[in-house]
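Down below is the structure, laid out as structure tokens.
The chain is numbered in sequence order, starting from 1. Keep in mind that this is a model prediction, so the values were computed, not measured.
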Amino acid sequence: MGSWAEEMIERGVQKGLTQGRAEYILRILTARGVQVSEAARQRIPTCTDLATLDRWFDHSLNATTLSEVLDGLAR
């Protein structure tokens, strides 16, 4: 496989990881009863930075407000 094909596969994997992580963040917040604004419902899935999504995911596990997730104020 050439480098172009490998790059396309890597992009696909990265896109799948970010989309999956965003979906889980929203599911966790919903399950915890955290109010999620429409702006956040658009912001979270469009984030393409996996490190940011990882941080939001970790914060969503204990968050009681959306700002704790997106602003990094989780306990």
Quiz item: How would you list, by chain and number, every residue that makes a side chain to side chain donor-acceptor pair (under 3.5 Å) with Thr52, sequence neighbours excluded?
Solution: Asp49
Practice problem: Compute whether any side-chain donor of one residue and acceptor of the other, for Glu68 and Thr64, lie under 3.5 angstrom apart. | Solution: yes
Quiz item: Quick one: salt bridge (Lys or Arg N to Asp or Glu O under 4.0 Å) pairs with a partner in residues 34-43, sequence neighbours left out?
Solution: none
Practice problem: Can you sort out the partners of Glu10 under salt bridge (Lys or Arg N to Asp or Glu O under 4.0 Å), two or more places apart, ordered by chain and number? | Solution: none
Quiz prompt | Point-to-point distance, once rounded to the nearest 0.5 Å, from CG of Leu29 to OG1 of Thr65 | solution = 9.5 Å
Exercise. Would you name the heavy atoms of Cys47 and Leu53 that are closest together and state the gap between them?
Key: O-CD1, 3.6 Å
Exercise. Give the minimum heavy-atom separation between Val34 and Ala63, together with the two atoms involved.
Key: CG2-O, 3.6 Å
Quiz prompt | By side chain to side chain donor-acceptor pair (under 3.5 Å) - contacts of Thr30 (at least two apart) | solution = none
Quiz item: Between CD1 of Ile9 and CH2 of Trp4, what distance do you get to the nearest 0.5 Å?
Solution: 9.5 Å
Practice problem: Indicate, with yes or no, if Leu50 and Val13 share a hydrophobic cluster defined by side-chain heavy-atom contacts under 4.5 Å among Ile, Leu, Val, Met, Phe, Trp and Tyr. | Solution: yes
Self-check item: Gap between atom NE2 of His59 and atom CG of Asp71 - 0.5 Å precision
Solution: 10.5 Å
Exercise. Work out which heavy atom in Ala22 is nearest to a heavy atom in Pro45; give both atom names and the distance.
Key: CB-CA, 3.6 Å
Quiz prompt | CZ/Arg27: more than 12 non-hydrogen atoms of other groups inside 6.0 Å | solution = no
Quiz item: With sequence neighbours left out, which residue pairs that include part of residues 11-23 fulfil the side-chain hydrogen bond (donor to acceptor under 3.5 Å, both in side chains) condition?
Solution: Glu7-Arg11, Arg21-Asp54
Practice problem: Could you list the residues that satisfy side chain to side chain donor-acceptor pair (under 3.5 Å) with Gln35, not counting sequence neighbours? | Solution: none
Exercise. Show your working on side chain to side chain contact (heavy atoms under 4.5 Å, CB included) between Leu70 and Ile44 and close with a plain yes or no.
Key: CA-CA 9 Å; Leu70 300 181; Ile44 293 168; 4.1 Å; yes
